[in-house]
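As structure tokens, the structure follows; a few thoughts come after it.
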Amino acid sequence: SGIFLFMSNLSQSQNDKTTMKKQTIYQFKVEDLSGKKFDFASLKGKKIMIVNTASKCGLTPQYKELEALYKEYSSKGFVIVGFPANNFAGQEPGTNEEIATFCQLNYGVTFPMMDKVSVKGDDMCAVYQFLTQKAKNGLEDSEVKWNFQKYLLNEKGELVKVIAPKTLPTDPEILNWIKG
């Protein structure tokens, strides 16, 4: 009877997993670079790319491609949300105001840029806890390896793909996903 009890507990826990509602990005409200509230629920029905950015990184020129991607596809239900972070080699030392100025002057960034956050470690922000923990995102555990790692979320706000920092925003894998 001990085995039977174990088996019924096992099937019960599997049932709990299936009935547990998958978390989405829509639960989060953050602040943008200018201190305004940004509600992810406002992005329902759009494909979302979340990217951690830095102004003094070898990958910083990706801002140019991110902006081009955003300009081309924002009218087609695609949005990019940038999160400046200083987690890697001190490559984002600036204040929100300095980051905003840098992005505008150097790359003409118009996609939403959020308040500077931490994307790893003990002080990791809630959005990145969701993005990096399978228990929260239902897809996979991941670690933000460097600046410009990309997280792709579908029109339901669910994480569907994690893209390495060095993979360019214009990579066919990303373009095909946006168009798909």
Side-chain angles (χ1 to χ4, degrees), residues 24-44 46-121 123-132 137 142-154 157 159-171 173-175 177-178:
T24 71
I25 195 72
Y26 304 141
Q27 65 189 296
F28 299 105
K29 291 178 177 64
V30 293
E31 280 190 3
D32 69 12
L33 276 180
S34 61
K36 291 192 188 85
K37 284 268 176 262
F38 183 89
D39 187 346
F40 274 99
S42 69
L43 303 180
K44 283 184 179 168
K46 294 182 182 213
K47 288 184 177 179
I48 306 166
M49 175 192 289
I50 295 178
V51 56
N52 59 301
T53 63
S55 302
K56 296 178 175 9
C57 175
L59 303 179
T60 300
Q62 285 193 26
Y63 266 129
K64 186 177 172 203
E65 294 179 329
L66 288 166
E67 179 59 21
L69 207 58
Y70 180 67
K71 278 208 165 89
E72 183 170 351
Y73 295 103
S74 61
S75 63
K76 299 174 178 86
F78 171 72
V79 66
I80 296 171
V81 181
F83 279 92
N86 195 34
N87 294 97
F88 303 99
Q91 295 180 345
E92 189 54 276
T95 63
N96 283 346
E97 197 174 28
E98 289 165 341
I99 294 165
T101 302
F102 173 87
C103 290
Q104 187 53 51
L105 287 178
N106 293 286
Y107 297 101
V109 169
T110 59
F111 59 83
M113 288 290 293
M114 299 304 117
D115 188 22
K116 187 159 95 174
V117 297
S118 177
V119 298
K120 62 186 293 177
D123 59 347
M124 183 191 294
C125 76
V127 169
Y128 271 83
Q129 289 176 29
F130 165 77
L131 293 173
T132 59
N137 64 48
S142 67
E143 184 186 346
V144 182
K145 292 182 171 48
W146 200 254
N147 303 308
F148 294 92
Q149 184 152 310
K150 298 145 199 85
Y151 286 87
L152 306 182
L153 297 101
N154 65 18
L159 181 64
V160 292
K161 203 173 278 203
V162 182
I163 307 283
K166 286 187 175 169
T167 302
L168 296 176
T170 51
D171 188 89
E173 183 182 12
I174 296 173
L175 290 176
W177 175 77
I178 294 170

Is there side-chain contact between [X] and [Y], with heavy atoms separated by less than 4.5 Å?
{"X": "Tyr107", "Y": "Leu66", "result": "no"}
{"X": "Phe38", "Y": "Phe28", "result": "no"}
{"X": "Val30", "Y": "Asp115", "result": "no"}
{"X": "Leu153", "Y": "Leu131", "result": "yes"}
{"X": "Val51", "Y": "Gln62", "result": "no"}
{"X": "Pro112", "Y": "Tyr70", "result": "yes"}

Answer yes or no: are there more than 12 heavy-atom neighbours, outside [X] itself, under 6.0 Å from its atom [atom1]?
{"X": "Lys120", "atom1": "NZ", "result": "yes"}
{"X": "Lys36", "atom1": "NZ", "result": "no"}
{"X": "Gln27", "atom1": "CD", "result": "yes"}

Atom [atom1] of [X] and atom [atom2] of [Y]: how far apart are they, to the nearest 0.5 Å?
{"X": "Lys76", "Y": "Ile178", "atom1": "NZ", "atom2": "CD1", "value": "10.5 Å"}
{"X": "Lys47", "Y": "Ile174", "atom1": "NZ", "atom2": "CD1", "value": "12.5 Å"}
{"X": "Ile25", "Y": "Leu43", "atom1": "CD1", "atom2": "CG", "value": "9.0 Å"}
{"X": "Glu65", "Y": "Phe148", "atom1": "CD", "atom2": "CZ", "value": "10.5 Å"}
{"X": "Ser142", "Y": "Tyr151", "atom1": "OG", "atom2": "OH", "value": "3.0 Å"}
{"X": "Lys150", "Y": "Leu69", "atom1": "NZ", "atom2": "CG", "value": "10.5 Å"}

Sorted by chain and residue number, the side-chain hydrogen bond (donor to acceptor under 3.5 Å, both in side chains) partners of Asn154 (sequence neighbours excluded) come out as Glu158
Nearest heavy-atom pair of [X] and [Y]: which atoms, and what distance?
{"X": "Lys29", "Y": "Asp39", "result": "CE-OD2, 3.4 Å"}
{"X": "Gly94", "Y": "Lys116", "result": "O-NZ, 2.8 Å"}
{"X": "Gln129", "Y": "Met124", "result": "NE2-O, 2.8 Å"}
{"X": "Asn147", "Y": "Cys57", "result": "ND2-SG, 3.4 Å"}
{"X": "Pro61", "Y": "Gly58", "result": "CD-O, 3.4 Å"}
{"X": "Val109", "Y": "Met113", "result": "CG1-CG, 3.9 Å"}

Check: Between Asn96 and Asp32, does a side chain to side chain contact (heavy atoms under 4.5 Å, CB included) hold up when you go through it step by step?
Finding: CA-CA 9 Å; Asn96 283 346; Asp32 69 12; over 6 Å; no
Anything under 3.5 Å between a donor and an acceptor, one on a side chain of residues 159-168, the other on a protein residue two or more places apart or in another chain? List them.
none

For residues 78-90, please give each side-chain donor-acceptor pair under 3.5 Å, one per line with the distance, not counting sequence neighbours.
{"residue": "Asn86", "atom": "OD1", "partner": "Gln91", "partner atom": "N", "Å": "3.2"}
{"residue": "Asn86", "atom": "OD1", "partner": "Glu92", "partner atom": "N", "Å": "2.8"}
{"residue": "Asn87", "atom": "OD1", "partner": "Val119", "partner atom": "N", "Å": "2.8"}
{"residue": "Asn87", "atom": "ND2", "partner": "Ser118", "partner atom": "OG", "Å": "3.0"}

- request: For Thr110 and Glu67, run side chain to side chain contact (heavy atoms under 4.5 Å, CB included): C-alpha distance rounded to whole Å, both residues' side-chain angles, the deciding distance at 0.1 Å, then the answer.
  value: CA-CA 7 Å; Thr110 59; Glu67 179 59 21; 2.5 Å; yes
**Message:** Applying side chain to side chain contact (heavy atoms under 4.5 Å, CB included) to Val127 and Met114, what does each step give before you reach the verdict?
**Reply:** CA-CA 11 Å; Val127 169; Met114 299 304 117; over 6 Å; no
(Q) Is it the case that the side chains of Tyr63 and Thr53 hold a donor-acceptor pair, with the cut-off being a distance below 3.5 Å and no angle test? (A)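 Yes, Tyr63 and Thr53 have a side-chain donor paired with an acceptor closer than 3.5 Å.
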- Query: Is it true that a side-chain atom of Thr60 and a backbone atom of Ala54 form a donor plus acceptor pair closer than 3.5 Å?
  - Reply: yes
